[in-house]
Every structure is written in C-alpha cells, then in structure tokens.
Amino acid sequence: MGGSGLRKWVATFVAAVGLVSLGAVGGSVAFTAAVASAASPIQPNNVPTPIPGAINGELPQSDLVNVAPNCEAARAAGPSLGLLLAEARERDVLLGTEQCYRSLQGEQLEQQINTAAGNSACAAPVLTAPSGAPVGTSMHGWGKAADFFDVGGSLGFGSPGYRFLKEFAGQVGWNHPGWAEPGGSACPEAWHWEWVGDGGTLHESPITADVVGLLASRDGRGYAGVSGLGAVNVRGDFANRGSAAGVPIAWLIVGGATTPDGNGYWLAGADGGVFTFGDAGFHGSAGDLRLKQQVVGMAPTPDGKGYWLVAADGGIFTYGDARFYGSTGALHLDSPVVGMAPTPDGRGYWLVAADGGVFSFGDARFHGSTGGMHLNSPVVGMARTADGGGYWLVAADGGVFTFGDATFRGSTGADPPAMPVVSITTAPGGEGYWLTTANGEVRPFGNAANLGSA
C-alpha cells in the first residue's frame, strides 16, 4: 500500500474509532463522548487531536518546531509548551523534557522495551495496517505529548516539577490524562502530559497561549502581537510588513523589535535566528552557534543598523553596529535573565532577571531592582523611559515596578488577566505602556491606545 493508501487507511481508522481515544498506555482504552460546550478541555478523558493529512510518528519537519533541547513539538502545541517551560524556569523550578515528538521507529522501540520488561501494557500500541505496515497510536507521534523531568530525574508524583505542572500546565492547554494519574491505570506516569489546547477530541473551548510580545508603531496608534510561530497580528496603524507564520521555522520565536522609523521589524528565535521584515536589515544571527542557553530577547541600536540578542544566562550577542559592553554569561545567577533594554544612545544596556535583579552595562545607570523583594510572580520583562533615566519591570501577574524617573501608570493588580503577562511595551513619549498576555490580551495604561487584543 502506497503512502496515500496508508494515509487513507489511517484516516478511516481514526474515523472508525471516532469517539474512542487510545491513551498512551497500550492496555488502557477510554471511551469518551464528544460534546459541544464551553467547558475547559483540561479533563481526565480528553485526548489530543490527530493532525489532518499526517501519519502518526511520520510527521514532516514542516509540522514540527523545536521548543527545547531534545524536544520537537507539533507547531500548534509548541508555543504553549515553550511558555510552560519558560514559566518554570522563571519560577526557579527545574523542569526539562526527556522527549516530545516520537517517531514511528521510536514508538516501536518503546513498545519493545516495555514488552521485554514485562510491561507491554505500558506503551501505546503499534497497530498493523491491512498492508502489514506499522501504524503508531502514541500521542507523542502527533507531537502533542511531552515527558518531563525535574531535579530528581523523571517526574514523580509530588515532586517539584509535578506540583508546578498540576498548578500551571492546564492554564496553557496541557493536560494530565486520567490514565496517568495515581490509580488511573496499571501504569501511572507523573511525567507524561498532553496538549489539548485546541479543545482535544472532546471539542471543548480552545486555550490560546501563543503570544510572546508586542511591537508598537512609531506614533503609538498601532501595535502588533507576535506569536511563538512568528505570526504578526496587526491593530491600528501598525504597518504589516510580513511575518514568519508561513515559514517552517526551526525554533520558536521569542520576541522582536521595530526599526527606528517604524517601517520594519525583526523577529528573534530561541536559537538566535533573526528574521527581517520591511526596512529591517539583517546583520547576522546566532542560528549557527551552539548556545549554552536559549535566546530570550533582542533590542535594536538607535539607528537600526544593529541589534543585540540576549540569552537566559545573560550572554550577549552583538550584530551590526551593536557594541558589547558586558554580560552575566560568566556569573552564577539566582534567576534567569528574561529581557533587556538599551540606553537611548546605544552605549549601554540593562538586563533583567526573573527575580527582578537588574544588571547595568556601559552607560546604563542602575536605578534599583526588586532583587530583595518577595514577588508574587516572576518578572518577565522591562522597558526604559524615553531619556533612560528610569525603567519599568513587569511581572507575570501584571504587577508593575517603577525605578528612576519611570512613572507608575497602573497595573493589572485589581483585575488579574486570565493568562500570564509576557511583555511590557512603552507608548511614544513614555507617558504610558501596554501589558500583553500570552493569549494576546493587551492592557493599556497612561496614554497608551486601547486597540483591542493582539
């Protein structure tokens, strides 16, 4: 049977099981009714949806995106998984991925290993098509499952990583299936989680968690949300110069920056790759370097003829006319770096860590930090005032902290957003700012324009 014939057989097989979902445990078959409602998809019997037109365990590279070392995920699931891992990192929870996408050969090997150990029911079955070809059923084969580890190795029930996931994973669309819970099957797995952010096979309300930042127009009458897959969602007079949404990017996008005249912008990937649009010039990237930690942000020079990339360890990479003034790459940090801001003349920059610690380099003056404070949520970004005499820090819960001549214009303290805040962007003149959440909600303060979600 050719590839198209096998694809047709798999589609027929999926349609035949319809309301039947095969769990990651081979011996566990759960029958679930698909219902149309506004309920949360985070339910014990919900299961990830197959990728239309694809074969389990044989996804083309264009259907996948790198989220972390040893972790490729389906493109739809990748941004929320990146947010999940970033939130853990910012909370100082050691959480990593042992495996995400698993090829058909990997599914067969997993079945063989478990069978040899006398646990054949603890691996998703590999079925056989009428032609005799193997057919995978694991949720890993759709790139919509992840096996996590924490400080003790594979997650255990009650471990720090497991407690974090139970608290936060559901908010961004990641579900711990019922069979994986204690007593849920013969093979419970604390480490196995699945993405049902599109509603899953129960077709419940989707959970969007893919926005990583906001770009503002020069006059403040427009902005655009940037997604982890490189989409640019425009509002107001922001000039749409294109996006990376249609490009099979290798790694998630983590942020971007606009050119000084507002006629272009850059997007930066977690691997240090740089994408240019409009009049944004390409001055180089870290895409071909072996990084110690992933890139978390970028900032342009005042004339737009260069830019800096910053990694989670505070490592700084310079391109074009951007100069190196120092980094925290050789230091042991209490918390990872989450962002940076350049001084007005481009002869210095600040780095900010998740605990609110601020590091100044070049002509950047230190105006204070939250380093010694107890924070309810980790800091996720910073922005400077127009004259560089101060800066704002923003936490994931929307708390705003001001230093130097930065004026407090408000926060989300009285009206917490449903999703974590991912960035703060200043309005022209520094008389206001926008806070943006992972689902694209934009909260304006001061003179920042209210143009709706991004």
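Positions are given from 1, in the same order as the sequence printed here.
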[X] side, atom [atom1]; [Y] side, atom [atom2] - distance, nearest 0.5 Å:
| X | Y | atom1 | atom2 | answer |
| --- | --- | --- | --- | --- |
| E107 | N56 | CD | CG | 4.5 Å |
| S411 | F445 | OG | CZ | 6.0 Å |
| Q99 | E72 | CD | CD | 10.5 Å |
| R75 | S62 | CZ | OG | 8.0 Å |
| K166 | F157 | NZ | CZ | 8.5 Å |
| E90 | L85 | CD | CG | 10.5 Å |

Checklist entry - When you look at Y349 and V310, which way does the side-chain contact (heavy atoms from CB on, under 4.5 Å) test go after all the steps? => result CA-CA 11 Å; Y349 41 76; V310 59; over 6 Å; no
For a 4.5 angstrom cut-off between non-hydrogen side-chain atoms, does [X] reach [Y]?
| X | Y | answer |
| --- | --- | --- |
| S227 | I253 | no |
| Q61 | L64 | yes |
| T97 | W191 | no |
| W142 | P48 | no |
| T437 | T412 | no |
| L267 | I249 | no |
| R163 | V93 | no |
| F317 | L289 | yes |

Is a side-chain N or O of [X] found less than 3.5 angstrom from the main chain of [Y], in a donor-acceptor match?
| X | Y | answer |
| --- | --- | --- |
| W434 | S423 | no |
| T370 | D355 | yes |
| W392 | T385 | no |
| N233 | A454 | yes |
| N66 | A250 | yes |
| D210 | G228 | no |
| D279 | G264 | yes |
| T343 | G388 | no |
| N46 | T201 | yes |
| Y433 | A383 | no |

Identify the heavy atoms of [X] and [Y] that sit nearest to each other, and give their distance.
| X | Y | answer |
| --- | --- | --- |
| D313 | V337 | C-CG2, 4.4 Å |
| G230 | S243 | O-CB, 3.2 Å |
| I51 | A74 | CD1-CB, 4.0 Å |
| A169 | L84 | CA-CD1, 3.7 Å |
| H367 | G404 | CB-N, 3.7 Å |
| R89 | V296 | NH2-CG1, 4.2 Å |

Item to check | More than 12 heavy atoms of other groups within 6.0 Å of R91 CZ | outcome: yes
Checklist entry - Run the side-chain contact (heavy atoms from CB on, under 4.5 Å) check on M382 and R384 step by step: do they pass? => result CA-CA 7 Å; M382 76 181 308; R384 65 161 173 83; over 6 Å; no
Checklist entry - Tell me the side-chain hydrogen bond (donor to acceptor under 3.5 Å, both in side chains) pairs involving residues 77-86, sequence neighbours left out? => result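 Sorted result for residues 77-86: S80-W174, S80-W195.
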Item to check | side-chain contact (heavy atoms from CB on, under 4.5 Å) between C100 and V67, intermediate numbers included | outcome: CA-CA 9 Å; C100 300; V67 178; 6.0 Å; no
Checklist entry - Just checking, any donor-acceptor pair under 3.5 angstrom between side chains of S335 and D92? => result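 Yes, a side-chain donor-acceptor pair sits under 3.5 Å.
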Item to check | Worked verdict on L252 versus Q294 for side-chain contact (heavy atoms from CB on, under 4.5 Å) | outcome: CA-CA 10 Å; L252 291 176; Q294 294 179 15; over 6 Å; no
Checklist outcome for this item: Only residue of E189, H192, E98 satisfying side chain to side chain donor-acceptor pair (under 3.5 Å) with S154 is E98
Checklist entry - Quick one: are the ring centres of Y223 and F238 less than 6.0 Å apart? => result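 Not close enough - the centres of the two rings lie 6.0 Å or further apart.
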Checklist outcome for this item: Checking F282, W266, Y307 against Y319 for ring-ring contact (aromatic ring centres under 6.0 Å, His included), the one that qualifies is Y307
